[in-house]
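The structure appears right after this line, and notes come after that.
The figures that follow rest on heavy atoms only: side chains count, while hydrogens, waters and symmetry mates do not. Residue numbering restarts at 1 for every chain, and letters A, B, ... go by the order of the sequence lines.
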There are 2 protein chains.
Amino acid sequence: MKMAEKKHLNSSLLERLATNGFRFTPQREHVYSVLLEKRDHPTAEEVFIRAKRRMPDISMATVYNCLDALVKCRLVRQVALERGAARFCPNMQEHSHFYCDSCEQVFDVNLPPEPVIGLPRGFKAERYDIAIHGRCPECKT
Amino acid sequence: MKMAEKKHLNSSLLERLATNGFRFTPQREHVYSVLLEKRDHPTAEEVFIRAKRRMPDISMATVYNCLDALVKCRLVRQVALERGAARFCPNMQEHSHFYCDSCEQVFDVNLPPEPVIGLPRGFKAERYDIAIHGRCPECKT
DNA sequence: GTCAATACTTGGAATAATTCTAATTTGCGC
DNA sequence: GCGCAAATTAGAATTATTCCAAGTATTGAC
Ligand SMILES: [Mn+2]
Ligand SMILES: [Mn+2]
Ligand SMILES: [Zn+2]
Ligand SMILES: [Zn+2]
């Protein structure tokens, strides 16, 4: 990434953190950059491993703290597909998730215009989470 | 419940367990009946508490085992909404879940005919899990 | 720039949810 | 009824996450 790009990213990260009452720290910057680098769906553990490579002293507690801040700033989505560790997704476009029951990989899938589900009277939907389970192309028998 | 009804339920439970290679045990019968009694979305812990009322010696490990067997027999659905304890749903009709972010209750919501999501080439969907987050009528401000 | 207030980071302890273990008991085909 | 695989049990172990208390860094006021 070019210097100018990085500076811009960081100033917008700072802004986003600030408007949500968070401080800008090297750890938060780094965790965010780690997520943007490889746009998959790592667990906190996996983020920790990747973050440590260039910031060996970062702690697991901080990774959780950073992920939490990023989620609260809406720079990252937290996804709960299967039971077990939560996963984090840096793709903030509206999309749903395909979970391959065989290789356990998670794929982004574009959503149709709007999933028209008739809710009973009085219910107010804020957000739809669509998880599709099945086999990815690699694992199709 | 009338005696005849119960007998019928149990013989169909036995059959379902048998065809999936499971044995019929009083614990499995009881856990299943506990789920059918109050058709909500309890956690394993909550099932344990309810099951203990009429079967005080049942253990947590057995509750997990029973729930697992019932899920594998497709008599019960396991739902993973938010992070935290898994929930169990005895309603086997196709439906999706509304999770109230305020009171944390889970409601069954009927699905539209079929959520037409165009999957990329090669992906094979087996099951859609639609979770809707929002406010229930009680909690609407 | 200095300073104080407060937020953040850290390692380790604590907790929550679930799974594993090993001894005992039970269901079920013969 | 008998034998054996499967199920139950209490408790230990594991996994994922949160909490804690002490030290450190960031920020805004001056
Ligand atoms: Mn995603
Ligand atoms: Mn349900
Ligand atoms: Zn796959
Ligand atoms: Zn509610």
Side-chain angles (χ1 to χ4, degrees), chain A residues 10-11 13-32 34 41-52 54-73 75-76 78-88 104 106, chain B residues 10-11 13-32 34 41-52 54-73 75-76 78-88 104 106:
Chain A
N10 280 350
S11 75
L13 171 59
L14 189 155
E15 206 175 292
R16 193 69 85 92
L17 286 166
T19 62
N20 286 272
F22 292 107
R23 290 180 180 170
F24 179 89
T25 69
Q27 288 85 349
R28 284 178 182 156
E29 183 203 335
H30 184 53
V31 165
Y32 189 42
V34 153
H41 297 82
T43 61
E45 179 75 32
E46 181 59 31
V47 173
F48 179 52
I49 290 164
R50 294 183 200 173
K52 260 179 116 96
R54 277 186 288 133
M55 190 181 267
D57 291 340
I58 197 170
S59 76
M60 192 69 208
T62 298
V63 169
Y64 273 107
N65 170 341
C66 293
L67 289 170
D68 197 54
L70 293 170
V71 168
K72 287 198 174 117
C73 292
L75 289 164
V76 165
Q78 177 163 14
V79 286
L81 287 163
E82 359 69 77
R83 269 218 38 74
R87 288 159 177 276
F88 297 87
E104 308 189 328
V106 178
Chain B
N10 280 351
S11 75
L13 171 59
L14 190 153
E15 207 176 289
R16 192 71 83 94
L17 286 167
T19 62
N20 287 274
F22 292 106
R23 289 180 179 171
F24 180 90
T25 69
Q27 288 86 348
R28 283 178 182 157
E29 182 202 338
H30 184 53
V31 164
Y32 189 41
V34 154
H41 298 82
T43 61
E45 178 76 31
E46 181 60 30
V47 173
F48 178 51
I49 291 164
R50 293 182 199 174
K52 260 180 114 97
R54 278 185 288 133
M55 190 180 268
D57 290 339
I58 197 170
S59 76
M60 192 69 209
T62 298
V63 169
Y64 273 107
N65 171 340
C66 293
L67 288 170
D68 197 54
L70 293 170
V71 167
K72 287 199 173 116
C73 292
L75 288 164
V76 165
Q78 177 163 12
V79 285
L81 288 164
E82 358 70 78
R83 273 217 37 75
R87 288 158 177 278
F88 297 87
E104 308 189 329
V106 178

(request) Would you indicate whether the side-chain heavy atoms of B/Leu81 and B/Val106 approach each other to under 4.5 Å? (result) yes
(request) Identify the heavy atoms of A/Ala51 and A/Val34 that sit nearest to each other, and give their distance. (result) CA-CG2, 3.9 Å
(request) Identify, with sequence neighbours excluded, every residue that meets salt bridge (Lys or Arg N to Asp or Glu O under 4.0 Å) alongside B/Arg87. (result) B/Glu82
(message) My understanding is that only residues two or more places apart in sequence, or in another chain, count here; which of them pass side-chain hydrogen bond (donor to acceptor under 3.5 Å, both in side chains) with A/Glu46?
(response) A/Arg50
(message) So if I take residues 55-65 of chain A and measure heavy-atom distances to DNA chain C, which residues fall below 4.0 Å?
(response) A/Asp57, A/Ile58, A/Ser59, A/Ala61, A/Thr62, A/Asn65
(message) Within this structure, what is the CE-CD1 distance for the pair A/Met60 and A/Ile49, rounded to the nearest 0.5 Å?
(response) 8.5 Å
(message) Test your reading of the model: is there a side-chain donor-acceptor pair from A/Arg83 to the backbone of B/Gly84, 3.5 Å cut-off?
(response) yes
If you look only at distance, which donor and acceptor atoms sit under 3.5 Å apart when one is on a side chain in residues 62-69 of chain A and the other is two or more places apart or in another chain?
{"from": "A/Thr62", "atom 1": "OG1", "to": "A/Ser59", "atom 2": "OG", "distance (Å)": "3.1"}
{"from": "A/Asn65", "atom 1": "OD1", "to": "A/Arg28", "atom 2": "NH2", "distance (Å)": "2.9"}
{"from": "A/Asp68", "atom 1": "OD2", "to": "A/Lys72", "atom 2": "NZ", "distance (Å)": "2.8"}

(request) Write down the atom of B/Gln78, the atom of B/Ala86, and the distance for their closest heavy-atom approach. (result) NE2-CB, 3.4 Å
(request) Please name the pair of heavy atoms, one in A/Pro26 and one in A/Met55, separated by the smallest distance, quoted to 0.1 Å. (result) O-CE, 3.6 Å
(request) Determine: side-chain N/O of B/Arg83 to OP1/OP2 of D/dA16, distance under 4.0 Å, yes or no. (result) no
(request) Grab the CZ-C1' distance between B/Phe48 and D/dT8 for me, whole Å please. (result) 13 Å
(message) Any non-hydrogen side-chain atom of B/Lys52 less than 4.5 Å from a side-chain atom of B/Ile58?
(response) yes
(request) Would you mind telling me which residue lines up with the more 5' stretch of DNA chain C, A/Gln27 or B/Ala86, judged by nearest nucleotide? (result) A/Gln27
(request) Taking heavy atoms of chain B and a 4.0 Å limit, find me the 5'-most and 3'-most nucleotide of DNA chain C within that range. (result) C/dA17 to C/dC28
(message) So if I define the base as every atom that isn't primed, P, OP1 or OP2, how would nucleotides 25-30 of chain D read as a B/S/- string at a heavy-atom cutoff under 4.0 Å?
(response) BBS---
(message) If the helix axis at each end comes from five base pairs, how far does the helix from C/dG1-D/dC30 to C/dC30-D/dG1 deviate from straight, to 10°?
(response) 40°
(message) The test is side chain to side chain contact (heavy atoms under 4.5 Å, CB included); show your working for B/Leu70 and B/Val31 and say whether it passes.
(response) CA-CA 9 Å; B/Leu70 293 170; B/Val31 164; 4.0 Å; yes
(request) To the nearest Å, give me how far apart CG (A/Asp68) and P (D/dC19) are. (result) 10 Å
(message) Considering every strand and a 4.0 Å limit on heavy-atom distances, what is the contact class for B/Glu45: base, sugar-phosphate, or nothing?
(response) nothing
(message) Going by ring-ring contact (aromatic ring centres under 6.0 Å, His included), name the residues that satisfy it together with B/His41, two or more places apart in sequence or in a different chain.
(response) B/His97
